[in-house]
There are 2 protein chains.
Amino acid sequence: MVAGPTSIGPGKERLRLWIRLLRASRTIEAELRERLKKEFDTTLPRFDVMAALYRSPEGMLMSDLSRFLLVSNGNVTGIVDRLVSEGLVTRARRNGDRRTSMVRLTEEGSKSFAAIAAAHENWVGELLGTVSEDEARRLTGMLKSFRSNWEGRE
Amino acid sequence: MVAGPTSIGPGKERLRLWIRLLRASRTIEAELRERLKKEFDTTLPRFDVMAALYRSPEGMLMSDLSRFLLVSNGNVTGIVDRLVSEGLVTRARRNGDRRTSMVRLTEEGSKSFAAIAAAHENWVGELLGTVSEDEARRLTGMLKSFRSNWEGRE
DNA sequence: GGCGATTATTTCAAGCTTGAAGTTTCGTAA
DNA sequence: TTACGAAACTTCAAGCTTGAAATAATCGCC
């Protein structure tokens, strides 16, 4: 999804937009991935899961994580498995519904995430440095109105 | 990279923007991936490679593809391998420099891509339907000015 | 209570992705 | 011309990702 338009037609500007959008996010994502690896020896998916859990001290179900992060159930299983084996999160079986388990950050996971998140925010600020805060607000607004047509779909 | 901000600070709007950007592109990408699979039994990476080759009838080197698509060399090798085995592209050894090979769409690959690309453009038009062509132009402009600071970096 | 449908999760195969290490070929300088 | 460093590419291990199939527990209806 990174190639240029191959024809010109009515949706031309939208196709251009999509290609720009994709190239921008891929570029930023690649840079963040690399820094996470180099500076903290972790990955973006692990960071995503930890970020979600950090916002929910009470914990999240696997399916909550899957829905929130926009990835499949099976995917979350693997990432959480690795985080558990690293001692960063726990899976607690629940009495109420034994099909589910509550996933939470450990003390260590929480400390670890806080440090990474601080660096992460700085990196994003740096990488988007050429976008003014005001412009960022406007762009966000446009993207938000688009997203609202898709949020929570299917 | 899909979680919300975990702190409020100077780069707050940029972080918000990044999260929106990422969620938007993930959502669109997931939808396109699914349709490519269902309708044409292909994948996004294959589509990307074919799109690049379609623009270059004279062919591209593996490293050209890698650079253009923003993915690693080894990655391109695997995708091209699969396209070759499907008869959609060819790898032609070159007399000039025998380290390299020219990758080209086959006749079948070219026909196949044209059909997929038409559907793809319609899908993008549909998925970005809530963004007016004019708004699309403005958004693209903003993203372009951002990208120019990164294009061809490192 | 029993049982079929539903829900939550895991498992699995196939493919994508990277970064590092390995192979082959090229260019060039002694 | 030979040797060495660079360039183009492939191979590989590890991890991410999906979608489909399997497992297990719960729910609702009789």
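Letters go in sequence order (proteins before strands), and every chain restarts at 1.
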In whole Å, what is the span from the [atom1] atom of [X] to the [atom2] atom of [N]?
X	N	atom1	atom2	value
B/N73	C/dT24	CG	P	18 Å
A/L61	C/dT10	CG	C1'	15 Å
B/L32	D/dT17	CG	C1'	16 Å
B/K37	D/dA20	NZ	P	9 Å
A/L44	D/dA14	CG	C1'	16 Å
B/D97	D/dA7	CG	P	12 Å
A/E34	C/dT18	CD	P	11 Å
A/M62	D/dA24	CE	P	17 Å

* Structure fact -> Rounding to 0.5 Å, atoms NZ (B/K12) and CG (B/L17) come to a distance of 13.5 Å
Is the distance from OP1 or OP2 of [N] to the nearest side-chain N or O of [X] less than 4.0 Å?
X	N	result
B/R91	D/dT10	yes
A/T100	C/dA8	no
A/R26	C/dT18	no
B/S63	D/dA7	no
B/S101	D/dA8	no

* **Salt-bridge criterion met for B/R35 and B/E126 (N-O under 4.0 Å)** => yes
* Asked: Are A/F47 and A/F113 close enough that their ring centers fall under 6.0 Å?
  -> yes
* Of A/K38 and A/N75, whose closest DNA chain C nucleotide lies nearer the 5' terminus? -> A/N75
* Asked: If you take all heavy atoms of B/S25 and A/W18, which pair is closest and at what distance?
  -> O-CH2, 3.6 Å
Under 3.5 Å, which N/O atoms of the protein pair with N/O atoms of nucleotides 1-7 of chain C?
unit_1, atom_1, unit_2, atom_2, d
C/dT7, O4', A/R99, NH1, 3.4
C/dT7, O2, A/R99, NH1, 2.7

* Asked: Just checking A/R94: base, sugar-phosphate only, or nothing, at a heavy-atom cut-off of under 4.0 Å?
  -> nothing
Could you give the side-chain donor-acceptor pairs of residues 60-71 of chain A under 3.5 Å, partners two or more places apart or in another chain?
unit_1, atom_1, unit_2, atom_2, d
A/D64, OD1, A/R67, NH2, 3.3
A/D64, OD2, A/L61, N, 3.0
A/S66, OG, A/V71, O, 2.7

* To do: Test A/I79 against every option in A/N75, A/T77, A/D81 by the side-chain contact (heavy atoms from CB on, under 4.5 Å) rule and name the one that passes.
  => A/N75
* Structure fact -> Result for 5'-nearest mapping on DNA chain D, choosing between B/A30 and A/R93, is B/A30
* Can you tell me if A/R94 and A/T100 form a side-chain donor-acceptor pair at under 3.5 Å? -> yes
